[in-house]
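Have a look at the structure below, then the notes.
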Protein chains: 2
Amino acid sequence: MQLYSVSQLLKQENKLPEVEVKGWVRTFRANRFVALNDGSTLSNIQCVVDFENTDEALLKRITTGAALHIKGELVESQGKGQTVEILVSELEVLGDSDAEAYPIQPKKHSFEFLRENAHLRTRTNTFSAVMRLRSKLSYAIHKYFNEHGFYYMHTPIITGSDAEGAGEMFKVTKLDVKNPPLDDNGEVDYSKDFFGKETNLTVSGQLEAETYAMSLGKVYTFGPTFRAENSNTSRHLSEFWMIEPEVAFMDLPGNMDLAEDFLKYVLNYILEHNRDDLEFLEQRLINEEKTKPQAERSDMSLIEKLKFVIDNNFKRVSYTEAIDILRNSKPNKKKKFKFPINEWGADLQSEHERFLVEKHFKCPVILFDYPANIKAFYMRLNEDGKTVRAMDILFPGIGEMVGGSQREERLEVLKEKMAALDIPEEELWWYLDLRKYGTAVHSGFGLGFERLVMFVTGMNNIRDVIPYPRTPQNAEF
Amino acid sequence: MQLYSVSQLLKQENKLPEVEVKGWVRTFRANRFVALNDGSTLSNIQCVVDFENTDEALLKRITTGAALHIKGELVESQGKGQTVEILVSELEVLGDSDAEAYPIQPKKHSFEFLRENAHLRTRTNTFSAVMRLRSKLSYAIHKYFNEHGFYYMHTPIITGSDAEGAGEMFKVTKLDVKNPPLDDNGEVDYSKDFFGKETNLTVSGQLEAETYAMSLGKVYTFGPTFRAENSNTSRHLSEFWMIEPEVAFMDLPGNMDLAEDFLKYVLNYILEHNRDDLEFLEQRLINEEKTKPQAERSDMSLIEKLKFVIDNNFKRVSYTEAIDILRNSKPNKKKKFKFPINEWGADLQSEHERFLVEKHFKCPVILFDYPANIKAFYMRLNEDGKTVRAMDILFPGIGEMVGGSQREERLEVLKEKMAALDIPEEELWWYLDLRKYGTAVHSGFGLGFERLVMFVTGMNNIRDVIPYPRTPQNAEF
């Protein structure tokens with residue numbers, strides 16, 4: 001007798017006299033129909049128990065969440081909703097699940113409740129679909145870069161630098177926090193710490209990725225990054241995963257081409273490989289939106305949004321043009337924007353980004369050439385002296401999906417920028433070396449992975465797209 | 001005119017009248033032959049400069065490390081060592097490299113020197129080959145698991161638990177270390193820290209991976225893990241990457257099958273896809289070993305070692321049998337082992353593992369059923385009450401490559417084990433839940449990624465197989 005996964009069984013086109021499957025009970029109806037799931041796919045396999053010839057005590061142990069080992073015959077299903085089912089000949093309970101105590105009852109649970117039971121929430125359809133999609137998206141990302149000649153690079157997590165400039169950092173230490181060693185000035189003496197200096201958790205692998213791009217040509221990172229900001233919102237995590245490609249000899253238009261091609265590829269891959277999970281989540285969203293007033297419902301379904309990105313060319317618009325459009329837009333004139341756009345130099349908010357994508361251009365948008373003073377020190381200064389070769393890619397529903405730039409490759413300009421921001425040269429001597437020895441135009445971008453998973457799954461809270469979210473006051477599990 | 005990578009050019013079989021390439025100078029010979037590398041492959045493309053018709057000042061700028069943009073005609077090479085070369089028609093220096101100051105001279109550098117210049121070391125053949133192999137190995141790992149129905153899971157990096165039990169941890173904090181808040185007992189009040197509790201960097205994602213295996217069936221992690229141990233050796237890192245598959249309904253023999261199949265797959269993938277990098281590193285090792293006395297040289301070349309793993313069945317031997325073999329072995333009797341094997345219960349050292357693999361069985365070895373008291377709390381206790389269903393996989397040259405086990409799935413036994421080790425149940429309530437609700441046999445293993453990269457590249461120091469190593473007293477870059 002052969003052990004099958006539920007996914008394998010559901011694909012069978014012929015009857016099979018002897019099959020074996022192991023999984024967990026999702027529901028048990030009419031003392032007869034077990035819906036068994038093993039995570040291999042969204043769907044359950046229906047197992048029909050011959051209840052008249054089964055011990056009553058055994059039947060009572062078939063409860064939601066119990067682990068079963070089932071043997072039987074795979075036949076065409078007589079009922080609706082499935083093509084095949086198993087006529088059970090042998091049933092063993094591998095692990096019981098107390099029906100009263102088990103937190104994951106066969107009913108609708110709030111996402112908040114499921115967050116508190118994050119160790120069990122992938123036992124629901126919604127979260128198993130989300131996490132299967134998360135996994136497949138990761139794979140699509142690696143596959144894209146591998147096929148396009150990129151090298152995957154593991155940039156360091158613990159960093160001795162605090163000049164990455166992307167946000168507040170967590171300290172990493174082995175010191176006795178109660179009695180830290182002090183130096184002669186009464187300051188904490190980090191030279192006595194594990195690494196002989198103050199260390200933090202990285203906020204970005206970009207600077208290190210640049211060092212590898214300037215020798216290996218095309219590289220990318222895909223790893224965890226951290227922000228110690230006290231932002232308790234549905235869009236912020238203290239620990240999240242980021243993808244950062246970096247390419248030598250590539251300018252900003254090349255960077256745009258890369259990002260657009262990359263995003264279309266991974267979304268296409270998901271449409272091709274995880275259709276059932278997507279359709280399930282699309283239906284979930286439709287049901288959820290039915291409870292909302294018409295005005296708050298989305299114009300597009302989940303899959304329509306993915307196709308909107310795949311099928312449209314990304315419109316490339318300079319920041320300056322975008323400001324003109326926004327300043328003269330209806331919502332701005334009618335004072336519908338929470339943050340009115342009055343002048344060049346303003347930082348764009350999600351409402352502006354979404355207006356450009358969803359109302360004005362009706363396609364994904366790449367904004368570029370931003371004011372230098374709202375962007376990071378390493379972005380290449382344009383000849384106008386006031387804008388930098390930055391780009392943001394804007395998606396429907398979610399706003400900014402990607403942020404990138406051409407990097408400042410000129411040693412003197414970079415040094416001036418660092419001096420203006422009080423970034424000591426000693427701190428980034430190795431980064432400056434790249435501009436001393438064989439410097440060249442190069443570019444890259446960053447994509448917050450959880451943002452992408454939110455876009456693909458339609459989940460509204462970022463805590464619901466990562467297995468164990470870390471947020472202020474929360475590091476459970 | 002089309003821009004090519006060096007790798008693309010070297011594969012051309014026909015002459016091409018107009019090609020364009022960008023890269024860095026490795027060497028410039030006879031005022032005429034530029035060896036240009038762009039990281040796309042180990043080899044350089046030879047670019048022949050018409051020095052008689054080139055400005056002297058420009059020729060002087062063609063120095064090792066300079067970034068060039070070259071246009072010309074791709075022709076069959078007249079010289080030895082390459083099949084094609086470029087007759088240069090246009091040459092532009094994108095970025096100069098001061099020949100005096102540039103640290104990466106065209107000569108042999110010590111690995112120690114290159115570690116101090118880790119931001120430039122992938123500009124050498126050895127390190128570019130190592131990092132290309134590291135990247136391809138990562139890809140092979142993801143590919144294997146994707147093809148075998150596993151889901152990739154990102155387990156948390158910051159953990160509120162210190163019960164993972166694999167080693168000393170780094171603290172993660174936002175507290176002011178100089179003036180931490182104290183509670184009524186004068187202890188540091190971590191309830192005022194960012195996460196509202198004491199947090200550390202993870203030493204393993206296994207426990208969380210188990211939660212997902214018990215719903216999604218087959219999962220794996222591939223992420224960074226940390227050890228705050230003051231081990232300054234060539235085999236230890238404070239930050240390293242680990243792969244941890246975890247599978248529901250799989251017992252220890254299944255775990256062995258999985259690990260063997262997986263290891264053979266990724267090594268085969270590398271042999272098929274990175275032959276030139278492997279051959280280069282193999283030759284490097286041969287040259288290095290020539291300087292050693294005969295007795296210290298390896299029996300096998302680098303590629304022979306990979307084939308040794310791929311072509312042999314892994315021999316499965318119980319710990320008890322292995323102790324018998326070792327106790328009666330020649331080196332033990334002749335007191336050649338640094339740690340003599342006298343009795344059952346001894347922890348095996350690298351010298352014993354290598355004896356079993358290289359001398360006794362002459363194939364990779366899987367040792368299983370270890371004494372309970374030298375293994376972790378979560379491993380399944382055998383019926384004998386003194387051994388656990390653990391396994392270690394031993395490779396030639398390097399010793400332990402994989403450590404894994406069947407997990408204790410019985411709630412009461414697990415609780416007893418935790419009590420004996422003073423692990424509070426409140427700490428791992430969610431881990432215990434897995435045994436309360438639908439428990440089942442499950443297993444997994446851990447593979448230190450850098451160990452695998454060392455095995456594949458033949459590098460002897462673990463600091464040379466990760467881009468920016470973190471070790472005691474060192475968090476540079």
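Worth knowing before you read on, the calculation uses all heavy atoms, side chains too, and leaves out hydrogens, waters and symmetry mates. In what follows, chains carry the letters A, B, and so on, assigned in the order in which the sequence lines appear, proteins first and then strands, with residues in each chain numbered from 1.
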Seminar exercise, completed: Cut-off 4.5 Å, heavy atoms of chain B, and the answer for Pro180(A) is side chain
For this session: Flag the pair Trp429(B) / His119(A) as yes when at least one side-chain heavy-atom distance between them is below 4.5 Å, and no otherwise.
Result: yes
Exercise. So which of Ser238(B), Ser191(B), Ser7(B), Ser5(B) has the largest heavy-atom pair count under 4.5 angstrom toward chain A?
Worked result: Ser238(B)
For this session: Pick whichever of Leu182(B), Val188(B), Thr173(B), Val172(B) has the most heavy-atom pairs under 4.5 Å with chain A.
Result: Thr173(B)
Problem set entry | Criterion side-chain contact (heavy atoms from CB on, under 4.5 Å) on Lys174(A) and Glu168(B), from CA distance to verdict | CA-CA 10 Å; Lys174(A) 273 292 282 177; Glu168(B) 257 195 277; 2.4 Å; yes
Exercise. Donor-acceptor pair, Trp24(A) side chain versus Ser215(B) backbone, under 3.5 Å?
Worked result: no
Problem set entry | Under 4.5 Å from a heavy atom of chain B, the part of Ala228(A) involved | both
For this session: Flag the one option from Pro103(B), Pro472(B), Ala66(B) with the top tally of heavy-atom pairs under 4.5 Å to chain A.
Result: Pro472(B)
Exercise. Hey, what do you get for CZ (Phe477(A)) to CG (Leu207(B)), rounding to the nearest 0.5 Å?
Worked result: 13.0 Å
Problem set entry | When Phe449(B), Tyr468(B), Tyr431(B), Phe194(B) are compared by non-hydrogen pairs under 4.5 Å with chain A, the top option | Phe194(B)
Exercise. What is the minimum heavy-atom distance between Ala475(B) and Thr199(A), and which atoms define it?
Worked result: CB-CG2, 3.9 Å
For this session: Output the distance between atom OH (Tyr437(B)) and atom OG1 (Thr64(A)), rounded to the nearest 0.5 Å.
Result: 13.0 Å
Exercise. CG of Leu216(A) to CE of Met131(B): how many Å apart, nearest 0.5 Å?
Worked result: 9.0 Å
For this session: Could you have a look at Gly65(A), Pro469(A), Gly217(A) and say which one has the most heavy-atom pairs with chain B under 4.5 angstrom?
Result: Gly65(A)
For this session: Check each atom of Glu450(A) against the heavy atoms of chain B and say whether the ones under 4.5 Å are side chain, backbone, both or neither.
Result: neither
Problem set entry | ring-ring contact (aromatic ring centres under 6.0 Å, His included) involving Tyr269(B) - partner list, sequence neighbours excluded | His273(B)
Exercise. For Gly160(A) and Arg470(B), which heavy atoms make the closest approach, and how far apart are they?
Worked result: N-NH2, 4.3 Å
Exercise. Does a side-chain heavy-atom distance below 4.5 Å link Met214(A) with Arg123(B)?
Worked result: yes
Seminar exercise, completed: One should read off an interatomic distance between Asp193(B) CG and Gln473(A) CD, to the nearest 0.5 angstrom, of 9.0 Å
For this session: First locate atom OG1 of Thr211(B), then atom CG of Leu120(A), and finally report the distance between them rounded to the nearest 0.5 Å.
Result: 8.0 Å
Exercise. Relative to chain B, which segment of Trp430(A) carries a heavy atom at a distance below 4.5 Å: side chain, backbone, both, or neither?
Worked result: both
Exercise. Does His154(B) have its ring centroid less than 6.0 Å away from the ring centroid of Phe240(A)?
Worked result: no
Exercise. Quick one: what part of Phe127(A) sits under 4.5 Å from any heavy atom of chain B, side chain, backbone, both or neither?
Worked result: neither
For this session: Hey, could you give me the OH/NZ distance between Tyr102(B) and Lys436(A), rounded to the nearest 0.5 Å?
Result: 13.0 Å
Exercise. Quick check: does any side chain N or O of Glu239(A) sit under 3.5 Å from a backbone N or O of Ile158(B), one acting as donor and the other as acceptor?
Worked result: yes
Seminar exercise, completed: Comparing Val441(B), Leu94(B), Asn230(B) against chain A, the one with the most heavy-atom pairs below 4.5 Å turns out to be Leu94(B)
Exercise. Any donor-acceptor pair under 3.5 Å linking the side chain of Tyr151(B) with the backbone of Gly39(A)?
Worked result: yes
Exercise. Under a 4.5 Å heavy-atom cut-off, does chain B meet the side chain of Pro224(A), its backbone, both or neither?
Worked result: side chain
Exercise. Who are the side chain to side chain contact (heavy atoms under 4.5 Å, CB included) partners of Asn474(B), not counting sequence neighbours?
Worked result: Thr471(B), Glu476(B)
Problem set entry | Atom group of Glu116(B) that falls short of 4.5 Å from chain A, counting heavy atoms | backbone
Problem set entry | ring-ring contact (aromatic ring centres under 6.0 Å, His included) partners of His442(B), counting only residues at least two apart | none
Problem set entry | Aromatic ring proximity Phe170(A)/Phe195(B), centre distance under 6.0 Å | yes
Seminar exercise, completed: Heavy-atom nearest pair, Lys178(B) first then Glu187(A), reads NZ-OE2, 3.1 Å
Problem set entry | Under 4.5 Å from any heavy atom of chain B - which part of Tyr220(A) | neither
Problem set entry | Which atoms of Thr41(A) approach chain B - backbone, side chain, both or neither, heavy atom under 4.5 Å | backbone
Exercise. If you look at every heavy atom in Thr439(A) and Ala67(B), which pair is closest and at what distance?
Worked result: O-CB, 3.5 Å
Exercise. For chain A, which of Tyr152(B), Tyr212(B), Phe150(B) has the most heavy-atom pairs under 4.5 Å?
Worked result: Tyr212(B)
For this session: Answer with side chain, backbone, both or neither: which region of Ala101(A) has an atom nearer than 4.5 Å to a non-hydrogen atom of chain B?
Result: both
Seminar exercise, completed: So, the part of Arg134(A) with a heavy atom under 4.5 Å from chain B: the answer is side chain
Exercise. What option among Asp38(A), Ile157(A), Val93(A), Asn37(A) has the most heavy-atom pairs under 4.5 Å with chain B?
Worked result: Ile157(A)
Problem set entry | Close contacts, residues 137-146 of chain B versus chain A, judged by heavy atoms under 4.5 Å | Ser138(B), Tyr139(B), His142(B), Lys143(B), Asn146(B)
Seminar exercise, completed: In short, Ser97(A) meets Gly438(B) closest at the heavy-atom pair CB-N, 4.0 Å
For this session: Let me see the working for Lys171(B) and Val177(A) under side-chain contact (heavy atoms from CB on, under 4.5 Å), right down to the final yes or no.
Result: CA-CA 9 Å; Lys171(B) 194 185 293 300; Val177(A) 177; 3.7 Å; yes
